[in-house]
Amino acid sequence: RHDPPLELAKLRASALLTEIRTRDLRFTAAQSAELLTTSAGIDITAEALENLHQQLEGWAVGLRLALAALRYTNDADSLLLGLQGGISSIQEYLVQEVLSAFPAELRQLVEVAALFERFSPELLEEVMAPDTEPEERHDPIARFWELIGQGHLLVIPLDAEGRWKRYHHELRGLLRMELENELSDTEIHTLHRRASAWFERAGEIDEAVGHALAADDANLAADIIARQRLAVLDQDRGFVVESWLDRLPQGLETERLDLMLARVMILAERHEAFAMAALAEQVASRLDDPQADPALRSELDVRLGQLEVFFHGDGKKARDRLERARRHLPNSSLVRGQHGFYLTAARQLIGEGEAAMEALAQQIRVTDPSEVDLLSRLIGGQGVGGLLRGERVGGGRSALRLLDLVRGGGRLTLEAWGCYLEGAARFHRDELEEGARALEAAAARPHVLQRRVLLDALAASAYCHQRLGRDGRVDSLLDQ
């Protein structure tokens, strides 16, 4: 623990600070005695209690460990009088006392569980004995689960079903130290790799990456990120992929084109056009190899097509590039949806707008209704394309259809765009009240909208309110 970076002296002088220090958290001798005698339900001599308090100095976690150890001894006084040698020695002593309550064949399992911030029976079965028959794996895990359910360890349940638990953080640290004294680094790394594989299969990718890195296997972590990146980006969670990439050792990301493309997509979603363009060009120079993965090439072409449409205004070059990309598009709603939108925009730039909108409408018609993410992105592109062509009714209809698809589903970016498109269509139809409402709903999500779009929504909403005679609301929106 350490003091926060605040002006503590000034706050103290102003009587604006309440401080709770370590001394305030310590148990008094009387409190320690009450905790043990009440919770353990046994008589303990004053001498033993005095030694307990002298050695632990009111340390709450030490008292909990002592309480756990007392449950498995017939001589409480001897156990408490045996506390000697300072906190480190006492920790080791109490942990050994707690472990001794478990059958010998379960003790390593108790320690292995400490490798995980949280653990479940299924995870432990996979980690401890992945190659044995299910019955052989299940029995010891079930016994362990029954014992910890009876309060034999400082374990905290994490869900109502009792499937996930975790150790108290102090106990976890002590048990990990015990495990590291008993197993080699290679053996512990093997446990982490098994855990990583299990977490990835369970869809818990953050923990899968963490255990791959704990196994000192950065390439395994990179493989996991590469496999999972598109699925997570499809959910508009680029910040999650970015956090995974940032955990990799320096230099590994630039060794892998799939990870560099993940970074390109993150930059694109954050609308950092210059950084995206620079990195995309680096990737392009390395994808000229005829042996390069065609799916990665197509994914990159979607990004380069985006730049050619919106930053260079080169519709023909973008159209040709995006048509080429169509052949090997990855199975990603984000990539496929943006491909349809950028291709439509590129064709509009070169006078093929009507044919482009019809092609996009056909793509929407043949898309499986269960593919909500892809369908919503295509419909969003249809709405933008309609507004660009001055189709006020069609653009508004697409916006409402998009909102029906995504509202309440956690797709915040698509929902914000749906509100913006609805507001823009109503604005151009002079439906001021409804337009202002939709535009302000879009602007209420500033973290997912491009800054230029956000400013457009605020300005258009302010204009609507000005037309409606609401000067106070206009001032508030312009302040934003």
Is there side-chain contact between Trp198 and Glu204, with heavy atoms separated by less than 4.5 Å?
no
Decide, yes or no, whether a salt bridge links Glu122 with Arg163 under the criterion of side-chain N to carboxylate O below 4.0 Å.
yes
Flag the pair Leu360 / Phe341 as yes when at least one side-chain heavy-atom distance between them is below 4.5 Å, and no otherwise.
no
Using side-chain heavy atoms (C-beta onward) and a distance below 4.5 Å, is Cys419 in contact with Arg445?
yes
Using a 4.5 Å cut-off on heavy atoms from C-beta on, say whether the side chain of Lys165 contacts that of Leu158.
no
Arg194 side-chain N/O to Val127 backbone N/O, donor-acceptor pair under 3.5 Å:
yes
Contacts satisfying salt bridge (charged side-chain N to carboxylate O under 4.0 Å, His left out) that involve residues 360-371 (not counting sequence neighbours) are Glu358-Arg365
If I compare all heavy atoms of Val302 with all of Ala325, which pair ends up nearest, and what's the gap?
CG2-CB, 4.5 Å
Counting only pairs under 3.5 Å, give me each side-chain donor-acceptor contact of residues 252-259, with atom names and distances, residues two or more places apart or in other chains.
| from | atom 1 | to | atom 2 | distance (Å) |
| --- | --- | --- | --- | --- |
| Glu253 | OE1 | Arg263 | NH2 | 2.8 |
| Glu253 | OE2 | Arg263 | NE | 2.9 |
| Thr254 | OG1 | Gly251 | O | 2.9 |
| Arg256 | NE | Asp258 | OD1 | 3.3 |
| Arg256 | NH1 | Asp223 | OD1 | 2.6 |
| Arg256 | NH2 | Asp223 | OD1 | 3.2 |
| Arg256 | NH2 | Asp258 | OD2 | 3.1 |

Look at Asp320 together with Lys316 and state whether they make a salt bridge at an N to O cut-off of under 4.0 Å.
yes
One thing to verify: whether Asp234 and Arg377 come together as a salt bridge, which I'm taking to mean a side-chain N less than 4.0 angstrom from a carboxylate O.
no
Is the closest side-chain heavy-atom distance between Leu17 and Leu6 below 4.5 Å?
no
In this structure, CG of Leu287 is separated from CG of Leu296 (nearest 0.5 Å) by 6.0 Å
Any side-chain heavy-atom pair of Asp206 and Arg247 under 4.5 Å:
yes
Return each pair, listed once, that meets salt bridge (charged side-chain N to carboxylate O under 4.0 Å, His left out) where at least one residue sits in residues 270-279; pairs must be two or more places apart or across chains.
Glu242-Arg270, Arg270-Glu272
Classify the ring geometry between Phe119 and Phe144 as parallel (under 30°), tilted (30 to 60°) or perpendicular (over 60°).
tilted
Donor + acceptor pair across side chains of Gln363, Gln382 (<3.5 Å):
no
What's the spacing between Ser196 OG and Arg201 CZ if we round to 0.5 Å?
10.0 Å
Does atom CD of Gln362 have more than 12 heavy-atom neighbours, drawn from other residues, nucleotides or ligands, at distances under 6.0 Å?
yes
Test item: Arg319 and Val309 side chains (from C-beta on) under 4.5 Å apart, heavy atoms
no
Determine whether a donor-acceptor pair (N or O, by modelled atom type, separation under 3.5 Å) exists between the side chain of Asn181 and the backbone of Met177.
yes
Run the salt bridge (Lys or Arg N to Asp or Glu O under 4.0 Å) test against Glu180 and tell me which residues pass, sequence neighbours left out.
none
Compare all side-chain heavy atoms of Glu431 with those of Arg437 and state whether any distance is below 4.5 angstrom.
no
Below 4.0 angstrom, N of the basic side chain to O of the carboxylate: do Asp301 and Arg327 qualify?
no
Scan residues 469-480 for pairs that pass salt bridge (charged side-chain N to carboxylate O under 4.0 Å, His left out), counting only residues two or more places apart or in two chains.
Glu433-Arg470, Glu440-Arg473
With ring pair (Phe, Tyr, Trp, His ring centres under 6.0 Å) as the rule and sequence neighbours excluded, what pairs involving residues 234-288 come up?
none
Is atom CD of Glu117 surrounded by more than 12 heavy atoms (other residues, nucleotides or ligands) closer than 6.0 Å?
no
Are any of the side-chain nitrogens in Arg297 or Asp288 under 4.0 Å away from the carboxylate oxygens of its partner?
yes
Side-chain (Arg118) to main-chain (Arg166) donor-acceptor, under 3.5 angstrom
no
Inspect the contact between Arg326 and Glu323 and indicate whether a charged nitrogen and a carboxylate oxygen are less than 4.0 angstrom apart.
yes
Separation between CG of Leu439 and CD of Glu422, rounded to the nearest 0.5 Å:
8.5 Å
